[in-house]
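What you see is a predicted model; the values in this text were computed from it and never measured. So that the names make sense, note that chain A is the first sequence line, chain B the second, and so on, each numbered from 1. What you see below is based on every heavy atom in this structure, not just the backbone, and it leaves out hydrogens, waters and symmetry mates.
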There are 2 protein chains.
Amino acid sequence: MTARRRPATATSRKPRRAPRPIRREPRDGERKRDTTRRVLLERALALFQNRGVEATTMRDIARAAGLSLGAAYYYFPSKEALVFAFYEENQAAIELTAARADGTVRERLGRVLHAKLDSIRPHRAMLAAIIQRLVDPGDPLGAFSTQTGAVRQRAIAIFARALEGTGLPPETVTVTAHALWLLQLACMLVFVHDNSPDGARTHGLVDDGLDLLVPLLPLLGTPAGQAICERVIGALGRAGMVIAPAP
Amino acid sequence: MTARRRPATATSRKPRRAPRPIRREPRDGERKRDTTRRVLLERALALFQNRGVEATTMRDIARAAGLSLGAAYYYFPSKEALVFAFYEENQAAIELTAARADGTVRERLGRVLHAKLDSIRPHRAMLAAIIQRLVDPGDPLGAFSTQTGAVRQRAIAIFARALEGTGLPPETVTVTAHALWLLQLACMLVFVHDNSPDGARTHGLVDDGLDLLVPLLPLLGTPAGQAICERVIGALGRAGMVIAPAP
DNA sequence: CGCATGTTTTGAACACGTTCAAATACCGCC
DNA sequence: GGCGGTATTTGAACGTGTTCAAAACATGCG
């Protein structure tokens, strides 16, 4: 599969060879360090998308960026860190496209969820390799960790904004936004392994789910619905989970 | 973390050494093959629980069972396979303890969920390492895969039996049992990283959740509830997911 | 320039999961 | 016992992610 290597002669200290010269053109006012880092990340994401995360080795990435293996680790402490960089980039991109506030609640929620799916479609193969970690509460790169808290809060805020037309009290909106974010995570889980054309099956599931859930939203404004929200917040609080309002 | 090894002298072809003699006493009417397999599994699970899955190497397992590395792979094709063996054992154990049919629906469901948590408590450290794979639909060892289908169906059947007193139509019971199984998976996800004494937080969450949900179950019997069930089944069907009735 | 100090780069070494050809044990049959 | 075939066992080798001491480069200062 790879080149055969010689029996590793234990003590073969050669003098350093001259490094291969690969262009890494800097951008405006960019430090050399930042240029190298950016190029490394670009090549890594390209490889991830072409071959998948698992199949891309750190040696591949380093070679594609014209660096040695160790240099790659100098800029990113682990392969995961490169993956997380993608995660952040994706969330920033979606905030730009899906945050419009016109239309009905149903339309706005549909736009957010469909946009999310569309934005990750090119990276499905890649996400399939890491989504397992996303849903692991113990993983520092997981969607629930404190490290990714900022990204998560921004994502939840988008749902909260989409709920603005409902007239529900703020606390209820916050709870519902959290629930919708969880729903989105579940949709991603399904989408990543959906091999129907354009992921039509998952998109259809999103629409069916929203058609079912959105008409029920006003019920959360009734006394009974409020009581349920209170109890959910109470139960989660007792379990040590804090539902923070969106900023 | 592990012992440092010497510089790996590259070309040290020694003749075969005599194998270390470690007792593997057979049980009644057991083939030698089965004895070795059983001992290997026992030692592996013990190591998993003491040190966690990640920290336990296949070399450790082989050594603990008095085998060489290759021999371990002769019996189990991968480390995962050893983990899956635990999964099956655990499910078989819980079926014995949690399948009693007396008490109210609330009591029966509580018994099933609490028993599940109790049964995995000794293995929390171990599950923390594999639960990520459990929730990955693409993983052959995941809870959703066809390979684990038999175990999953048995687990869902337990919930269906616990719902018998509700008087809901069979189809509704089936849907609800699937939903409860999903809920159980979520509880496991929480439980695995719950460091409160005896996992009290998660157990409390289970009770709070059931207190909230069980009183709503009769609503599923109303025409509106029936309609929702129909639509859920329809949506899942269009998405290519089949809800199979328990046997 | 010479030298020191910090930044970047290098590749060998490490432990891991897994594979495999070969060696050894086992067992029925003569 | 000896023979032949199967079952089991062995450990070196492979490719992987990651670490690390040292080398190479950059920059500031006399």
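- Partners of A:T176 by side chain to side chain donor-acceptor pair (under 3.5 Å), not counting sequence neighbours: none found.
- Listed by chain and number, the residues in a side chain to side chain donor-acceptor pair (under 3.5 Å) with B:S119 are B:N90 (sequence neighbours excluded).
- We find that CD of B:E80 is positioned 12 Å from C1' of C:dT18, with the value rounded to whole Å.
- Atom-to-atom, NZ of A:K79 to P of D:dG17 comes out at 4 Å; the value is rounded to the nearest Å.
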Could I get a table of every N or O pair under 3.5 Å where one atom is in the protein and the other is in nucleotides 4-7 of chain C?
none

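- In this structure, the side chain to side chain donor-acceptor pair (under 3.5 Å) partners of B:D118, at least two apart in sequence or on a different chain, are B:R121, B:H203.
- Among residues two or more places apart in sequence or in another chain, the side chain to side chain donor-acceptor pair (under 3.5 Å) test is passed with B:R59 by none.
- Heavy atoms of B:F76 sit nowhere under 4.0 angstrom from any nucleic acid atom.
- Taking only side-chain atoms of A:T36, from C-beta outward, the nucleotide of D:dT16, C:dT9, C:dG17 with the closest atom is C:dT9.
- For the pair B:Y75 OH and D:dT9 C1', the computed distance is 8 Å after rounding to whole Å.
- Going from atom CZ of A:R59 over to atom C1' of C:dA13 covers 11 Å, rounded to whole Å.
- What separates CG of B:L67 from P of C:dA25 is a distance of 15 Å, to the nearest Å.
- One end of the helix from C:dC1-D:dG30 to C:dC30-D:dG1 points its axis 30° away from the other end's axis, with each axis taken from 5 pairs and the angle rounded to 10°.
- Checked against side chain to side chain contact (heavy atoms under 4.5 Å, CB included), A:Y74 has the following partners two or more places apart in sequence or in another chain: A:R33.
- Per the geometry, CZ belonging to A:R63 stands 12 Å off P belonging to D:dG15, to the nearest Å.
- Which of C:dT10, D:dT9, C:dA12 sits closest to the side chain of B:A71 comes down to D:dT9.
- Comparing A:P77 and B:L69 against DNA chain D, the residue whose closest nucleotide sits nearer the 5' end is B:L69.
- Between A:R38 atom CZ and A:L41 atom CG the span is 10.0 Å, to the nearest 0.5 Å.
- Per the geometry, OH belonging to B:Y73 stands 17 Å off P belonging to C:dA21, to the nearest Å.
- Rounded to an integer number of Å, the gap from CG of A:L40 to P of C:dT10 is 12 Å.
- Between A:Q184 and A:F159 the shortest side-chain heavy-atom distance falls below 4.5 Å.
- A:R51 contributes no side-chain N or O that, together with a main-chain N or O of A:T56, makes up a donor-acceptor pair within less than 3.5 Å.
- In this structure, A:R63 pairs ionically with A:D60, as a charged nitrogen and a carboxylate oxygen lie closer than 4.0 Å.
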